[in-house]
Each structure stands twice: as C-alpha cells, then as structure tokens.
Visitor: 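Before we start, here is the structure in question, set down as structure tokens.
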Amino acid sequence: MAKKAASKALADVKKKFYITTAIDYPSGKPHLGHAYEKVCADCIARWHRLLGEEVFFLTGTDEHGSKVSRCAKASGKAPQKYVDEMVVYFRELCAKLNISYDRFIRTTDSDHVKISQEIFKKIYEKGEIYLGEYSGWYCDECETFFTEKDLVDGNCPTHGKKAKWVSEESYFFKMSNYSKRVLDALEKNEKIVLPEGKRKEIINRVKEGLNDLSVSRANVPWGIPVPMNANHTQYVWMDALLNYISGVGYPGKDFEKFWPANIHLIGKDILWHHTAIWYSILMAAEIEIPKTVFVHGFINTESGEKMSKSGGTVIDPVALSEKYPADALRYFLLREIPFGQDGNFSEDSMRIRLNNELANGLGNLLNRTVTMIEKYNAGEVPNAKTNIELRKKLDIDGIKKHMENLELHHALGKIFSFVHACNQFTNEKEPWKLDGKERDEVLYSLADSLRMASILLQPFIPETSEKISSQLGLKLGLLADCSFNKLKAGTKVKKAEVLFRKLE
RNA sequence: AGCGGGGUAGGGCAGCCAGGAGUGCCCGUCGGGCUCAUAACCCGAAGGUCGGAGGUUCAAAUCCUCUCCCCGCUACCA
C-alpha cells in the first residue's frame, strides 16, 4: 500500500514532455525530409525518456484537402481508400527507422474530426469566425486558388491555363484581431521559436500584420464539415493544426497533463502556419500556446540543391533503410546535419560515416574490448576502476547541455570524441603487453566506458545501444546509471556479430 | 525590393552573439607506430592573406560601415 502511494507520488512529480512532428501530407510517398524530421523528434523524445521524464511523442498524417482528393481521383480511388493506402507507407517508414511515437494520428480519425469541429464551433460562437466572401484567381484544372504573384502572365503556374477571378462564400477567422498578441508572444519569449534567426524572421513578418483567414472551402468536399454549415469543409490548416491537441486527448486528462507542447518540430516552410495561424487559433480558443516551435532545416542533394521530383533527386528513405542499417541512416542524419540548419545528403558521405565512425570507430572499439576481455580474463569484467584520465574525456555535462539546447549534432559529436579517446587510450596503454592490475584497469575502463556510451547513444542509435550492452552482458540503463565505475566486476561479456559491417 | 541564413586549408564544418597569436573537428593526401581488433586502431606532416574594402581597438574570423557572390522566406497547395 505504502509502496503504491509512494510510486504514485513519484509519478506525479515526474516531469512531462510533449513533442510533435508536423503531420505529413500523403499526396506522395515519404521522402528523406519526412524521415529526417521523425528521426530528430524521436531522438529528442528518447532523450527525455532517458532522463526519466514522462514523454508523449505524436506524429501522423494530414489527410484532407484538395490536393489529396485530386491525387485520389488521379489514381481512380475514393479519397478515404487512397489515404488508407498511403498512410501505410508513412507507418512503414516509422517502423523501419524505429520511431518511438506514442500515437500516430490521422486527421481522418474520428476523435480528431470531432475535436476539430468543436474548436471551430467554439471560435465561431465567440464571434471570431464570420461568413464572408473569398475571391481569388482560380484554376479549374488544379481546383486551386492562386495569389496574384503565383500567376504567370495571368495563367496557372502548373497548367499554364488562364486563371479565372472567382468569388465564393467562405468562413473567415478574425486572425487580424491577434496580430498584437501573436507579436507580443514572439517578442517576449526567446525560446518560443528556435533557432533564433527563425524567430526574427517570423517577428518581422508578423509585424506587417495578420489578415483574416479564410477557414472554410465550399468547393473542397474532402474535408471536415463545418459544424454549422454542411456545405463547407474546414480549411486544411484549420483542421491539421488541431491534431496537436486532439492527438493528446483534448480536452481530457492527458491533454491537461501534457499541454502545452514542449516542442513542435517543423520544417521552415510551415513556420508561418505554426506561429501566426496556430497561435491565433489557440488564443481564440483560449488555450495556451506551445512552448517552443523548433524549425529544422531541409535536406538537399550532394551539391546543395533542393531535392526535386522532376530532377529525379528525391530520395526514398525506406529504400535507404533496406540498404543500410536503420541506425546508420539515423546516425548520419543526426550527425551530419547541424540541427536547425540545412544539410546535404549523399550516399557516399553516409557510407563514409558508417564505415569510419560506426564500424571502425565504435564497432571496432567494442570488438577489441570484448575480445581482450575474453582472451585475457576469461570473458569476465575484471575488478578495477576506470582510469581517471579517460573519465575526463567524457563530457557528460556538455552533452546534457547540448541536448537541452537541441544541438543534437554536437551532443553526438561529443559522444564520438569519447569513443575516439577510448581507442586512443587502448593504443597508449597497450594492454596486450600488460598483466595483473594494470591490465585489469585498462579492460575495466574500456568496458565501463562502452557501457556509458551505450546509454548516451540510445536516443541516436537505439538498436546499436542495445547490441553494445548485450555484448557487455548488461541491460540498457537510464541516464541515472551514466556515471563511471557502475559496471560490476565479474560481468560476463559475450562477443557477437560485429556492430556494423562496412560497405563499399 | 524587404527580411533571414551563408561565404574559414582539396572537400565538409565548428569557432563569431560575451574580440586576444588561424584555434579545432571530420573526410581526403603523405609519412610513421602498434598488433587486442572489423586490412582495423594510434601518432605526426603538408595545406588557409577566415569572400572583398574601409573603420573601431594595444589586439578583429569575431564588433561597426560599405561591397560582391550563394541560398531561403515574403500567408490561404500543403
């Protein structure tokens, strides 16, 4: 009884952490950018679990709107059937890359539909949504409105057909009412949008003021019906953004527990929607705004150009994860690309990192360590303490700091410079020439260090961490176990397959 | 045009906000060491007028001004 009460009390003080990715639009199969965002979010989520926090990690798909309905039509399918088929690819991607989400939300999920309508209604009843008229340049073929600037000589940019000036009935959200509050929020809190530069960028845009936003469509049947008028569907963003609250059980207990979100992880193309629009909606609905919107960069081709379908430079992450270990791809994405900046991708550079850092650096360190323990100490971790000089090479506080600041690439860099230090240490000490206490110290130091590394590497390369600790005869630990000399003497190590096989 | 980001050895980056000898990292190249290990690991060397010009300063990659290139964003496709 007392124990139960105590663990309950403990659970109550547990820190909460809620992270989301943007939900993906299934108008095509996932590309590397989708994979990247998920891997980054997953890494952060796993880090917070490692810290012992209670984590909710949400990802999913944004399934409504004119584009999906056009794609469905093009493939001769009903929209629902089309998205049901497409979503499989996104789930598969998550499975392949070990994305540890707590919920995969689809905007066609019934609870989401219900909440979207409730929020729409709530804002409407407050008088912040009104019926008006939307006019713009419209292309019949695309079934899309364009802004004046989008048009090429008055023609649709994709079809080259003459665009028509069309007016239609639409509900509008009085976003203009929120210009000041949104701007205040952005200016007041330095961490509200990261990296810093993105915050400046959005502040400058919001300073120009917000216009009322058309939040319904009379000509897009594939969407959530506007609650007070079945002739309209909700504008996709008025639907999609709400996934962040519906996905975590708004307005129930879990929502109370986890909201406001700690991090919305998004790409730089949708910053406007996640600040100006999203904040305004939340303010209108009297819900707190998220703590941080983190904007990651884009992945470009080897030469730094944008990936494009027409150029044939789009990379299929599922194909990659079949060719390379998932951890190799995760490692590359997290290590190569400074988090928050754009980065380049090529299989060559990925292979180089896989071979040099994962196989030769980390994998070989484990292999030589386990081999020596088997060879010189009958497979048992000797009784010793980890070398003091070596211990200094692992900057745990620095790693924590980097993770806190979301400098994932730096955190990973520090872990790997420790791996290097371990290899260095081995060469300097030459344990194969030693015996007795001196050798014991080296062997213990290496095994203990690898145990530490396996803990710290979990968020980045979880399968590999598992393999390392298994070869060391251990279960994976939490960050609380991440201090030196916690490895028990006598632990039986067990050599297994090499961690990473090199690729040509 | 406005706003943001970037221009640092052959390639890729960090360092810049809180100035202090070009300091560091990865790849590549060359030389050496070791033999526990995945032809692995370790050490060393070559290589840069820090885009350009001017300014502040005892001192500038770092701060200020100007200038030249590259890239992104500028809302209702998502």
Side-chain angles (χ1 to χ4, degrees), chain A residues 22-27 62 64-68 70 134 136 139 142-147 149-150 157-158 170 172-173 175 195-208 210-217 220 235-238 240 267-273 276-277 297-298 300 302 304-306 335-338 340-344 348-349 352-353 355-376 407 409-410 413 416-417 420 422-434 439 442-443 446 495 497-502:
Chain A
I23 47 177
D24 301 320
Y25 202 70
S27 57
D62 170 18
H64 293 121
S66 58
K67 203 164 176 179
V68 155
R70 262 179 288 127
Y134 181 81
C139 168
C142 312
E143 297 176 12
T144 306
F145 280 97
F146 290 99
T147 59
K149 276 179 293 190
D150 292 331
T158 41
S170 171
F172 281 83
F173 170 44
M175 200 158 77
E196 175 92 44
K198 293 295 176 223
R199 179 165 147 263
K200 277 192 219 154
E201 197 171 306
I202 201 67
I203 284 175
N204 284 323
R205 283 189 62 192
V206 169
K207 272 184 182 161
E208 292 166 18
L210 306 184
N211 299 327
D212 287 355
L213 181 71
S214 163
V215 288
S216 80
R217 294 289 182 275
V220 180
Y235 169 50
V236 276
W237 280 105
M238 192 64 191
K268 56 186 180 179
D269 51 336
I270 50 177
L271 177 57
W272 173 260
H273 308 83
I277 298 179
F298 282 164
N300 298 321
E302 185 168 12
E305 280 148 25
K306 224 173 176 172
R335 178 79 185 94
E336 174 86 1
I337 304 165
Q341 290 181 44
D342 288 354
N344 301 340
D348 279 344
S349 48
I352 287 167
R353 284 208 186 264
N355 289 347
N356 289 329
E357 293 162 40
L358 293 176
N360 294 344
L362 180 63
N364 184 50
L365 175 65
L366 177 70
N367 195 44
R368 67 200 301 208
T369 300
V370 173
T371 303
M372 284 191 282
I373 293 174
E374 288 187 339
K375 208 162 180 172
Y376 302 131
E407 294 157 333
H409 56 297
H410 280 144
F416 270 78
S417 54
H420 173 70
C422 290
N423 275 319
Q424 216 168 20
F425 174 76
T426 310
N427 283 47
E428 277 165 15
K429 295 289 178 184
E430 304 187 303
W432 49 91
K433 288 183 182 168
L434 304 173
R439 187 174 66 197
V442 178
L443 298 185
L446 291 174
K495 198 166 170 176
E497 227 185 311
V498 298
L499 275 188
F500 292 96
R501 220 161 264 297
K502 274 177 276 191

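Predicted model, so just to flag it, every value in this text is computed and none were measured. Numbers restart at 1 for each chain; the letters A, B, ... are given by sequence-line order, proteins then strands.
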Visitor: Do any side-chain nitrogens or oxygens of Q341(A) fall under 4.0 Å of OP1 or OP2 in rA14(B)?
Guide: yes
Visitor: Starting at atom CG of N204(A), determine the distance to atom P of rG4(B), rounded to an integer number of angstrom.
Guide: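 From N204(A) CG to rG4(B) P: 6 Å.
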Visitor: Between atom NE2 in H409(A) and atom C1' in rG12(B), what is the gap in whole Å?
Guide: 13 Å
Visitor: Base, sugar-phosphate or nothing for M175(A)? Non-hydrogen atoms, less than 4.0 Å.
Guide: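 Here M175(A) touches the bases of the nucleic acid.
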Visitor: For rA45(B), what is the paired nucleotide under Watson-Crick or G-U wobble rules, both distances under 3.5 Å?
Guide: rU29(B)
Visitor: Quick one: look up who rU65(B) pairs with, Watson-Crick or G-U, both distances under 3.5 Å, and put none if it's unpaired.
Guide: rA53(B)
Visitor: Categorize Y376(A) for me: base, sugar-phosphate, or nothing, with a 4.0 angstrom heavy-atom threshold over every strand shown.
Guide: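 Sugar-phosphate only.
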Visitor: With P as the reference atom in both, quote the distance from rG11(B) to rC77(B) in angstrom, rounded to an integer.
Guide: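 My reading of the P atoms in rG11(B) and rC77(B) gives 42 Å.
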Visitor: For atom C1', what is the distance between rA21(B) and rG48(B), given to the nearest Å?
Guide: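 About 15 Å, rounded to a whole number of Å.
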Visitor: Consider the side chain of N423(A), meaning its heavy atoms from C-beta on, and name the nucleotide among rC26(B), rA37(B), rC42(B) that approaches it most closely.
Guide: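 The nucleotide sitting nearest to the side chain is rC42(B).
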Visitor: Could you give the NZ-to-C1' distance, from K268(A) to rG5(B), as a whole number of Å?
Guide: 8 Å
Visitor: Rounded to the nearest angstrom, tell me the gap between atom CE in M372(A) and atom C1' in rU35(B).
Guide: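 Value for this atom pair: 11 Å.
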Visitor: Specify the separation, in whole Å, of atom CH2 of W272(A) and atom C1' of rG72(B).
Guide: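 Checked: the CH2 to C1' distance equals 17 Å.
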Visitor: Looking for any heavy atom pair under 4.0 Å, which part of the strands does G197(A) touch: base, sugar-phosphate only, or nothing?
Guide: sugar-phosphate
Visitor: For S214(A), report the nucleic acid contact type (base, sugar-phosphate, nothing); a contact means any heavy atom under 4.0 Å.
Guide: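 S214(A): base contact, heavy atoms under 4.0 Å.
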Visitor: Ignoring backbone atoms, establish whether Y235(A) has a side-chain N or O less than 4.0 Å from OP1 or OP2 of rC77(B).
Guide: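 For rC77(B), OP1/OP2 do not have a side-chain N/O of Y235(A) under 4.0 Å.
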Visitor: Which one is paired to rA14(B), where only Watson-Crick or G-U wobble pairs with both distances under 3.5 angstrom count?
Guide: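 The base-pairing partner of rA14(B), which may sit in any strand shown, is rU23(B).
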Visitor: What interatomic distance, in whole Å, is found between P of rG12(B) and the corresponding atom of rG51(B)?
Guide: 14 Å
Visitor: Keeping the roles fixed (side chain from Y25(A), backbone from H64(A)), state whether a donor-acceptor pair exists under 3.5 Å.
Guide: yes
Visitor: Between R205(A) and E208(A), is there a salt bridge with N-O shorter than 4.0 Å?
Guide: no
Visitor: May I have the distance from W237(A) (atom CH2) to rC76(B) (atom P), rounded to whole angstrom?
Guide: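 Spelled out: CH2 on W237(A) to P on rC76(B) is 12 Å.
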Visitor: Base, sugar-phosphate, or nothing for K433(A), non-hydrogen atoms under 4.0 angstrom?
Guide: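 Here K433(A) touches the backbone only, sparing every base.
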Visitor: Mind checking the P distance from rC34(B) to rG20(B)? Whole angstroms is fine.
Guide: 41 Å
Visitor: Identify the nucleotide, in any strand shown, that forms a Watson-Crick or G-U wobble pair with rG2(B), with both distances under 3.5 Å; if there is none, say none.
Guide: rC73(B)
Visitor: Roughly how many Å apart are rG19(B) and rC25(B), using the C1' atom of each and rounding to a whole number?
Guide: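 One C1' to the other, the span is 23 Å.
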Visitor: Work out how far the P atom of rC64(B) is from that of rG7(B), and round it to whole angstrom.
Guide: 15 Å
Visitor: Is E336(A) salt-bridged to R353(A), going by a charged N under 4.0 Å from an acidic O?
Guide: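 Looking at E336(A) and R353(A), the cut-off is met.
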